[in-house]
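Each remark here refers to the structure printed beneath this line.
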Amino acid sequence: MGGEHVTGVQEAVGPKAGAGPLLLGVRHHGPGSARAVRAALEEARPRVVLIEGPPEADALIPLAADEEMRPPVALLAHAVDEPGRSAFWPLAEFSPEWVAVRWALEHDVPARFIDLPAAHTLAWRRQEDEAGVEGESPLDAETADNEGDSAPGPGPAEVRIDPLGVLAETAGYDDPERWWEDVVEHRGVGRGDAFAPFTVLEEVMGALRETFGSGGHDRDLVREAYMRLQVRAAQREFEDGVAVVCGAWHVPALRWKTTVAADKALLKGLPKVKTDMTWVPWTHRRLSRMSGYGAGIDSPGWYGHLFSAPDRPVERWMTKVAGLLRAEDRLVSSAHVIEAVRLAETLAAMRGRPLPGLSETTDAVRAVMCEGSDVPLALVQDRLVVGDVLGEVPATAQAVPLQRDLARLQRRLRLKPEALEREVELDLRKETDAARSRLLHRLRLLGIAWGEPAASRGSTGTFRETWRLRWEPELSVRVAEAGVWGTTVLSAATAKAEADAVAAQGLADVTALAERCLQAELPEALPTVMRILADRAALDTDVGQLAQALPALVRSLRYGDVRGTDTGALGEVAAGLAERVFVGLPPACAALDADGAEEMRRHVDAVHGAVGLLGDAHAAGQGHVRARWQSVLRVLCGRDSVPGVIRGRAVRLLLDGGELVQDEAARLMGLVLSPGTPPADAAAWIEGFVGGGSGGGMLLVHDERLLGLVDAWLTGVPAEAFTDVLPLLRRTFSAYEPGVRRTLGELVRRGPGAGSGAAGAGSGIPGFAAGLDTVRADAVLPVLRLLLGLDEGEEHIGNDLVGVTG
């Protein structure tokens, strides 16, 4: 540095000593630090408050006094020419920086941010990315610094020092969080002792800086040089009435006696980009490490409670826990609360802690209120320890880039956000409706569930979509959250799709993502997804996984046909995946138990539906797919090692496709239902043949062939074996609709025979006759014309409707 390192504090800390600025070293998001900052500011009454943070946000500080501003919130900075390059500075109610901002606004004192400008931080990171230097993203870097114990930017070869970890280890603690709670969070601010916590922290941080230097955080030296310049400027303006709120790690560096020229030399030549900043809503959950935002605290809900509880924090916490568990219908009484408090205090005394911390209260809740179970304890952890308190930002705050782009698209496509749920029918053959569909699919991929797909009532064609739209207030948070992926809906959805493809666990996840990319029309993301899909498909040997992935892939081909997307590469992957399923399916179906056989039967159904679509596609090399699949089904239905439910389903699929005549189906059924076959296996074959939710009931009602085959077997089952197969038969036939079961019972009572099917029975059953009653059919034509919106003059509708009713 070339400056004199002052490792100890001066004789007095604060404006009263006339020895420079009041330096308040804190841990970001620390309720103890926040209380201490408030007490110190009340005691010192500075004329200006300087806060660690991006100075571009100075103009946004007045919004913190708005009645509509509710923490947790975050400052968002992004590069104007590269919106995807952004950083967040989260602030909670218990953040010392937020307390300092609020105190300054309440006392009409200027507040300024003095950290290195975000314009330099974002440009610095871009240079490292272009040079191929590995490290944290701007988001990771800034939020990591908000922990108060690290800073952005070291290369991979540098050793990073965790100051809290070093101090905790020196004090004999194995957990830095527990050490910090004992030393700071559980320490009250005594009268006349407002500066004592900062004096102690400055001393220990000075010793650490003397030992470790920058601690592997060389970028800190640049940031601290900038902060020193800002502190000097404030001193020239306000003399000794300057208070600085910053990470405790930086306090010794702000005491260093360096020259202005030396500090400016460190800042010379820094890259710079044009940036934009705004406030965005945040949540406690996103403050926790588990959310992926790395803001540095595992228990924001617990910290918020410690900050807001005026007294008796343990008793108040146990009361909160009891209220939550009671709301979940668990029996928790006042005696439970009293005993839990006693146990937490006893544990704290045994462990040598000044007050019960989170570990003691958690152990007490588990033992007393949860009866040793971690299941209700997980609810407490999720709802209270972490929590999901939602922040609010005033409407006057500048919107994030993604929100502005979304608002522009909503206006252009005439999709107004509304609180009430409404249905929207989209015809993908129309450009406006296709654009609406793309927007909704992209938002869903980003986790912004403004619209939910619904079943179309008017048509089942792939050119039509139905959406249920409802704009919830929480979706604004999702938009801000998705802003980390980009500043436009298209760029954010593309980046999110690529990241999801890399992180996907299974092949089916990648194929589903490919389908969503086609629906959302993300041409730049599709090559990445397809490359990963091809790699996964080549390496995956699990036939079940392959069979599960194929339907989504084939659906993607169909969407490509409707939307005009080039799906040539997708078709090649689908054909190759189908071939691997065909080769691996017969051996995979051998030696399965009942559950495995049922799961594989579902895979067979899914593959059959996919082959029906894939066989109709026009991509090269797909013409033989249907024939190959039929040969696989013939292999399955003829192997004794294949479970009966799969063999029966294979026969049924071949019969439905016209590839198996009735005599051949009867022969295969006769072999299965012969006396040498165990009744359970025969019943499973029947279940595969007409069960499994495949519409077998209606087929039995309308197709005498199937009804006769099943009836012949049932009447021939020996009495002593019928009891064993009855449960399987009950499971098969109980899945039918009540009306189908009733009709089947009537048909069985009469007995199958020529002309006994429901479609052509002349038995006097209401609604059925040997031939078509054209008079009754004509009677419904006016109503059908009204429902379909047809004119009276469209005479051709008569013949079409007669064909339908027949």
Check: [Y] and [X] side chains under 4.5 Å, non-hydrogen atoms:
{"X": "Phe238", "Y": "Pro46", "answer": "no"}
{"X": "Arg232", "Y": "Arg236", "answer": "yes"}
{"X": "His284", "Y": "Glu93", "answer": "no"}
{"X": "Val251", "Y": "Leu201", "answer": "no"}
{"X": "Val245", "Y": "Glu52", "answer": "no"}
{"X": "Phe94", "Y": "Val99", "answer": "no"}

Task: side-chain contact (heavy atoms from CB on, under 4.5 Å) between Val321 and Thr361, worked out - done: CA-CA 10 Å; Val321 173; Thr361 55; over 6 Å; no
With distance as the sole test, does [X] use its side chain to make a donor-acceptor pair with the main-chain N or O of [Y] at under 3.5 Å?
{"X": "Arg102", "Y": "Ala64", "result": "yes"}
{"X": "Arg353", "Y": "Leu347", "result": "no"}
{"X": "Asp58", "Y": "Phe113", "result": "yes"}
{"X": "Thr362", "Y": "Ser359", "result": "no"}
{"X": "His120", "Y": "Pro271", "result": "yes"}
{"X": "Glu56", "Y": "Ala119", "result": "yes"}
{"X": "Trp279", "Y": "Leu60", "result": "yes"}
{"X": "Thr258", "Y": "Asp263", "result": "no"}
{"X": "Glu360", "Y": "Gly357", "result": "yes"}

TODO: Using the side-chain contact (heavy atoms from CB on, under 4.5 Å) rule, take Val37 and Phe198 through it: C-alpha gap first, then chi angles, then the decisive distance, then the call.
DONE: CA-CA 9 Å; Val37 164; Phe198 305 105; 4.0 Å; yes
Nearest heavy-atom pair of [X] and [Y]: which atoms, and what distance?
{"X": "Cys246", "Y": "Leu254", "result": "SG-CD1, 3.9 Å"}
{"X": "Ser33", "Y": "Pro96", "result": "CB-CG, 3.6 Å"}
{"X": "Ala118", "Y": "Ala77", "result": "CB-CB, 3.8 Å"}
{"X": "Pro71", "Y": "Leu91", "result": "CB-O, 4.1 Å"}

Please check if the number of heavy atoms outside [X] that lie under 6.0 Å from its [atom1] is greater than 12.
{"X": "Arg366", "atom1": "CZ", "answer": "yes"}
{"X": "Gln230", "atom1": "CD", "answer": "yes"}
{"X": "Arg312", "atom1": "CZ", "answer": "no"}
{"X": "Arg316", "atom1": "CZ", "answer": "yes"}
{"X": "Glu42", "atom1": "CD", "answer": "yes"}

- [ ] Could you check Leu50 against Val242 for side-chain contact (heavy atoms from CB on, under 4.5 Å), going step by step and ending with a plain yes or no?
- [x] CA-CA 7 Å; Leu50 307 182; Val242 177; 3.7 Å; yes
TODO: May I ask you to decide whether Arg351 forms a salt bridge with Asp363, counting only side-chain N to carboxylate O separations under 4.0 Å?
DONE: yes
- [ ] Inspect the contact between Arg47 and Glu237 and indicate whether a charged nitrogen and a carboxylate oxygen are less than 4.0 angstrom apart.
- [x] no
Task: Sequence-distant partners of Trp103, ring-ring contact (aromatic ring centres under 6.0 Å, His included), two or more places apart - done: His107
- [ ] Could you pull out all residues at least two apart from Trp317 that satisfy ring-ring contact (aromatic ring centres under 6.0 Å, His included)?
- [x] Trp302, His305
Task: Gap separating the CG atom of Asp115 from the CD atom of Glu224, nearest 0.5 angstrom - done: 9.5 Å
Task: Spatial distance of atom CZ (Arg404) from atom OG1 (Thr278) [nearest 0.5 Å] - done: 8.0 Å
Open item on the list: For Val386 and Gln381: C-alpha separation, side-chain torsions, deciding distance, then whether side-chain contact (heavy atoms from CB on, under 4.5 Å) applies.
Closed with: CA-CA 6 Å; Val386 175; Gln381 172 73 23; 3.8 Å; yes
